[in-house]
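Remarks on the structure that follows.
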Amino acid sequence: MRLLVTGGMGFIGSNFIRYVLEKHKDWEIINLDKLGYGSNPANLRDVENDPRYTFVKGDIADFELMKGLVKQVDAVVNFAAESVAENEFVAVHRHGRVKLVTFGELFEQLSKTNRVIKDGKHEIIDVSGKNIKVLSFYNGCGAWFPLKKIIRHYYKGKLLCLRQKWGEICVTPNHSVYDVFGNLVNAGSNPELLAVRRINYYPHEHKFRNTAKIRAEGTGHLRVTLDKVYTGEKLEALLKLLAAYISEGNATYNKANGSYTVVINNSNEEWLKSLAEDYTLISNGSYSITKRKHGVYQLELNSKEFYQMCIRFCGKNASEKRLPDFVYGLDKKYQMLFWETLLEGDGTYRRWKRDKTAEYTTVSRRLAAGLGLLLALMGVDYTYHISKPRNGNHTSYTIRTRLFYNVSAGKREIIEIEYEGYVYDLEVEKSHNFIAGVGNIVAHNTHVDRSISSPDHFLRSNVIGVYTILEAIRKENPEVRLVHISTDEVYGDIVRGSFREEDALMPSSPYSATKAAADTLVLGWTRTYGLNASITRCTNNYGPYQFPEKLIPKTIIRANMGLKVPIYGTGQNVRDWIYVEDHVRAVETVLLKGEPREVYNVSAGEEKTNLEVVKTILKLLGKDESLIEFVEDRPGHDLRYSLDSWKITRDLKWRPKVSFEEGIKLTVEWYLRNEDWWRPLVNEKVLHPTPWKLGW
């Protein structure tokens, strides 16, 4: 038999490949793996010279690659979650105001006044009917559509940061975005991004009301006052001062004398004098202009109130600077004044034969995103030039406005970033997209119908890889046998009893259904097209070559090093444990004997609490239980998983051979003997007691 294994460099996949090569001397293996997070070539170092083994680096979502491989094999075993990063930006329209926030900030703000629904894996806030709107792409421009839900889940792995002249967005590898032709494509294909440069919104405000509670200290000095409502020339003065602060200013507090100062530097003394006059329109605070080195002049504005206003609306450090949100709602003449002041402070103009361009550079990603939103509201065309950081500096974003630009995509970068934390998705009413990132990038809303009658619509979310395998088999080699490796997580958690194969999958939100989507596709393609495919759903694996971040290897390594062993919460979370060799034997059994369109649960019936598992390992290592340290529980930590595997035992005669007592002993011994394997993989992050708190 010639067998294609996808994702074979991982823990379970590598054990499966090794087992097959040892047992079946006449079998050949092609291992397709993109070498992403969790994949480790060292897992199969002992078989890489076997002439029956071939490794191919690639992505299962690459249809042409899959077509070529499927033609060569008799069977496929797929071991091979769609979201936007927490610090990505989204524009929100609420209470008549536009605000630019991160997904994390939006979730936290909404959680204060709305119930957070938890389904064990995801956290969902339903804001249907609350008149909160986000930008979507509609009829050639950005339009405001009601937000129905914001959903987040915990994610550890790689993010793809797509960076080009239209902007930048960071998403999970299987998330979908739109290309410039309006086609929905996988982010990993690094398409030329679709970006919004016109927004269906008419800014019309001619005043700004400052609701901040700012009060001068009663020090006996002249009391500084600032207006609460700004209109006309006072509004213009405020805008110019804030824009100048963003471009050329900094805010300082002198502990020695208790003074608060906003300093604006520029080589144009006349410009600083005009800003000083603007300051006298809105404040009775003192100011001074002095000449510094190299022909630079400095304007000092001495006012705690103005200091607080600057850092509240515009940020403090260069990398944190941002546009004041109230600017997005102002009439376009005020917006243009604000933009032109930014340019006067730290911008440049370039003249070409056909047009004149304005350029503004910042190291603040938030400011870069805000400028993109502002210019789109103004109807001004623009592009980005994004420079990589050098010598420890920040990434810089140069925004260029222009009348004409080359239609070619120019340089398109795709950068992989290790990440651990929450990732987010939006469900938008009447729309399958939302606008996010730097430059108003159109991303897919992964809430889609799971109906088999509309496979195109469904596959475009986050199961494109499984779809690619199914289509490659259907079109190129329909006789191929497929075993799709799933997980017990598709059922959700269960307090009592055990899930059977016929039990309904239990996603409680459209987003949580994505974990079960791949199974649904396999079953649907098998029935509709007659593919010879089966599914296995297995409980928690343990054994050799498991990545050190997981509970059992982390416990072995930390305890052996004399470090505290962290246990989330109270340690009462229950998992059904199976030795990895028993699992790969089950996969082999289903491959050879399983029936098409059948699902087989795989379980050893070894339910243990996390606390029991840790205590067992400490006992085997001869370590005292005082090493146990209870830490904050992981977000979305399910209470109990449990599967009934009677079907595979009854129909296919498979049974687990290794008890937990025997398997955990073998596992401990393996990690103690193979420090050369795990030592290069461990660091502070991998062994961290609460890794989800790290910003990787």
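All values derive from a computational prediction rather than experimental measurement. Nothing fancy with the numbering, it's 1 onward along the sequence.
- A salt bridge links R366 with E105; the closest basic N to acidic carboxylate O contact falls under 4.0 Å.
- Ion pairing between K240 and E233 fails under the 4.0 Å rule for side-chain N and carboxylate O.
- Using a cutoff of 4.0 Å between basic side-chain nitrogens and carboxylate oxygens, K158 and E418 are scored as salt-bridged.
- No hydrogens or angles considered: a donor-acceptor pair under 3.5 Å links the side chains of S128 and D126.
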- prompt: Given E192 and K165, is the salt bridge (charged side-chain N to carboxylate O under 4.0 Å, His left out) satisfied, shown in steps?
  reply: CA-CA 9 Å; E192 186 176 357; K165 74 177 184 181; 5.4 Å; no
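- Proximity of the aromatic rings of H444 and F434 is defined here by a centroid distance below 6.0 angstrom, and this criterion is not met.
- Using a 4.5 Å heavy-atom threshold, the side chains of V442 and V196 count as touching.
- Side-chain contact check for N302 and S286: at least one donor-acceptor pair (N or O, by modelled atom type) lies under 3.5 Å.
- Y328 and Q335 share no donor-acceptor pair across their side chains, judged by distance under 3.5 Å alone.
- Here the rule is side-chain contact (heavy atoms from CB on, under 4.5 Å) with C310, and of V262, N250, L241 only V262 fits it.
- By the 30° and 60° cut-offs, the orientation of the rings of Y230 relative to F208 is parallel.
- Put simply, the side chain of Q164 gets close to the backbone of L193: a donor and an acceptor are under 3.5 Å apart.
- Within a 6.0 Å sphere centred on OH of Y287, other residues, nucleotides and ligands contribute 12 heavy atoms or fewer.
- Judged by distance alone, with hydrogens and angles left aside, the side-chain atoms of S247 form no donor-acceptor pair with the main-chain N or O of G345 at under 3.5 Å.
- A distance of 8.5 Å separates CD of E236 from CG of D278, quoted to the nearest 0.5 Å.
- Within the 4.5 Å cutoff, the side chain of K411 has heavy atoms near those of the E413 side chain.
- Ionic pairing of K148 and E429 is not present here: no N-O contact between side-chain nitrogen and carboxylate oxygen is shorter than 4.0 angstrom.
- No donor-acceptor pair closer than 3.5 Å links the side chain of S136 to the backbone N or O of S431.
- Between the side chain of S283 and the main chain of T280, no donor-acceptor pair closer than 3.5 Å is present.
- For Y424 and H153, the distance between ring centers is not under 6.0 angstrom.
- For the atom pair T290 OG1 and E269 CD, the distance stands at 10.0 Å (nearest 0.5 Å).
- Distance CH2/W144 to NE2/H93: 6.5 Å, rounded to 0.5 Å.
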Ring pair (Phe, Tyr, Trp, His ring centres under 6.0 Å) between Y253 and Y307, intermediate numbers included: CA-CA 9 Å; Y253 169 62; Y307 166 96; 7.3 Å; no
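- Judged purely by atom type and a 3.5 angstrom limit, N183 has no side-chain atom pairing as donor or acceptor with the backbone of D179.
- D381 and R198 are joined by a salt bridge, as a carboxylate oxygen and a charged side-chain nitrogen come within less than 4.0 angstrom of each other.
- Checking R197 against Y382 by side-chain atom types alone, a donor-acceptor pair falls below 3.5 Å.
- For N317 (side chain) and S319 (main-chain N/O), no donor-acceptor pair under 3.5 Å exists by modelled atom type.
- For the side chain to side chain donor-acceptor pair (under 3.5 Å) with E248, the qualifying choice from N265, N268, N266 is N266, the only one to do so.
- The OH atom of Y422 lies 8.5 Å from the OH atom of Y154; values are rounded to the nearest 0.5 Å.
- Distance check: I124 CD1 to N114 CG gives 13.5 Å after rounding to the nearest 0.5 Å.
- In K130, the NZ atom is crowded: over 12 heavy atoms of neighbouring residues, nucleotides or ligands sit closer than 6.0 Å.
- Within the 6.0 Å centre-distance limit, the rings of Y279 and F306 are counted as a close aromatic pair.
- The neighbour count for F181 CZ, taken as heavy atoms of other residues, nucleotides or ligands under 6.0 Å away, does not exceed 12.
- With salt bridges taken as basic N to acidic carboxylate O contacts below 4.0 Å, one links R365 and E88.
- Ring centroids of F137 and Y178 are separated by 6.0 Å or more, keeping the two rings apart.
- A 4.5 Å side-chain heavy-atom check between E359 and I399 finds every atom pair outside the cut-off.
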